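Worksheet: the structure to be examined is printed underneath.
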Amino acid sequence: MADLKNNSSNSPAHPSHLLRVGLTGGIGSGKSAVATELEKCGAAIIDTDLIAHDITKANGLAMSAIEQSFGPEFLLKDGSLDRQKMRELVFADPKAKEKLEKITHPLIYQETKRLSDLHQAKNPAYLVYVVPLLVESSFWINQSPKALDCIVVVDCPETQQIARVQERNGLEIGMIQKIIASQASRHDRLVIADHVIENNQGIEDLKIEAQRLHQILLRHKSS
């Protein structure tokens, strides 16, 4: 286990007096389960994936721009984003992916800041930002002053990722493999990790690891 970084610098998007933890991992790694357990321990959770879903639901903040940029055929009947159709497009066309990110990313960052300010007033044990694409995002990695005090990676073999996503979402193996290939590699995630949770056992073992992590973060907060 690597030492956790001690960084008290303030960031425009994140309150300075709370420990700011980045939680990441590949699809199906179990990061949401870890976040749930940390929340039970007293952490405040800001899940950027949930924010992304919220801004692309019916009447979501991103939907008007998405319809204008991609056309109404990328909306479902209820007005929400047709995720499957958009997923197929962005995997086939990098320019479409870039165009979509220019719409969604500023809105995600805006909502992240709003929630950060909201949680700051509640004085939780610490803030956890669940960011699936943390490694790929210059907003989190290259920002100066740094946006995060430490980074936690939930890791597991690719075979387990595929099995979990199949069970959870019912996606075809080929599509899951494309998603995994589009994300940072396990190596790239592990390189930036201050702490790694191995999720290659069952959910109860994962909960125990999350509780251990909570104690580590509390010690870091008070150091």
Side-chain angles (χ1 to χ4, degrees), residues 12-14 22-36 39 44-119 127-141 143 147 154 158 161-185 189:
H14 310 283
L23 178 63
T24 192
I27 185 173
S29 62
K31 55 189 174 294
S32 294
V34 172
T36 296
E39 186 172 33
I45 308 298
I46 299 174
D47 191 327
T48 60
D49 208 23
L50 292 181
I51 294 172
H53 278 72
D54 188 63
I55 66 173
T56 54
K57 67 183 182 181
N59 298 315
L61 293 176
M63 291 312 301
S64 176
I66 287 175
E67 183 175 7
Q68 290 177 13
S69 296
F70 294 93
E73 62 270 24
F74 283 88
L75 276 63
L76 296 174
K77 291 182 179 179
D78 66 356
S80 63
L81 178 66
D82 187 333
R83 300 184 188 285
Q84 180 175 345
K85 190 166 186 174
M86 183 62 75
R87 188 184 297 121
E88 293 172 353
L89 175 65
V90 297
F91 282 144
D93 184 355
K95 289 185 178 179
K97 180 175 182 289
E98 182 179 350
K99 184 164 64 170
L100 178 65
E101 289 176 347
K102 284 184 178 179
I103 295 171
T104 59
H105 283 189
L107 294 173
I108 291 171
Y109 299 150
Q110 174 184 310
E111 182 65 3
T112 297
K113 183 185 185 305
R114 187 187 72 81
L115 291 174
S116 296
D117 294 342
L118 184 65
H119 285 303
L127 283 171
V128 175
Y129 300 91
V130 185
V131 189
L133 302 181
L134 189 149
V135 178
E136 298 90 329
S137 174
S138 60
F139 175 82
W140 297 101
I141 298 300
Q143 187 178 139
V154 185
E158 184 175 314
Q161 288 181 264
I162 293 172
R164 288 169 182 159
V165 177
Q166 272 192 304
E167 182 179 357
R168 182 186 68 196
N169 297 64
L171 294 177
E172 296 181 355
I173 292 178
M175 178 56 69
I176 300 170
Q177 290 173 327
K178 286 182 180 180
I179 295 173
I180 292 173
S182 72
Q183 296 181 337
S185 67
R189 281 193 293 267

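Computed from a predicted structure; not experimentally measured. Worth knowing before you read on, the calculation uses all heavy atoms, side chains too, and leaves out hydrogens, waters and symmetry mates.
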With rounding to the nearest 0.5 angstrom, report the OG1 to NE2 distance, T48 to H105.
8.5 Å
Does N59 CG have over 12 foreign heavy atoms under 6.0 Å away?
no
Could you tell me whether I173 atom CD1 has more than 12 heavy atoms of other residues or ligands within 6.0 Å of it?
no
Is any side-chain heavy atom of M63 closer than 4.5 Å to a side-chain heavy atom of T56?
yes
Find out whether I179 and R87 are in side-chain contact, i.e. whether some heavy atom of one side chain is under 4.5 Å from a heavy atom of the other.
yes
Return the CD to CG distance between E98 and D93, rounded to the nearest 0.5 Å.
10.0 Å
What pair of heavy atoms forms the shortest contact from V131 to T24, and how long is it?
O-OG1, 2.7 Å
Nearest heavy atoms of L23 and L134, plus distance in Å:
N-CD1, 4.5 Å
Does a salt bridge link K85 with E88, judged by any charged N lying under 4.0 Å from a carboxylate O?
no
Report, as yes or no, whether the 6.0 Å neighbourhood of atom CD on E73 holds more than 12 heavy atoms from other residues, nucleotides or ligands.
yes
Separation of L89 CG from K95 NZ (nearest 0.5 Å):
13.0 Å
With the side chain counted from C-beta on, respond yes when I55 and I108 share a heavy-atom pair under 4.5 Å apart, and no when they do not.
yes
Is a side-chain N or O of S69 found less than 3.5 angstrom from the main chain of I66, in a donor-acceptor match?
no
Just wondering, more than 12 heavy atoms not from K99 lying within 6.0 Å of its NZ?
yes
Check the surroundings of atom CD in Q84: do more than 12 heavy atoms from other residues, nucleotides or ligands lie under 6.0 Å from it?
no
Would you find a donor on one side and an acceptor on the other, under 3.5 Å apart, between the side chain of S137 and the backbone of L133?
no
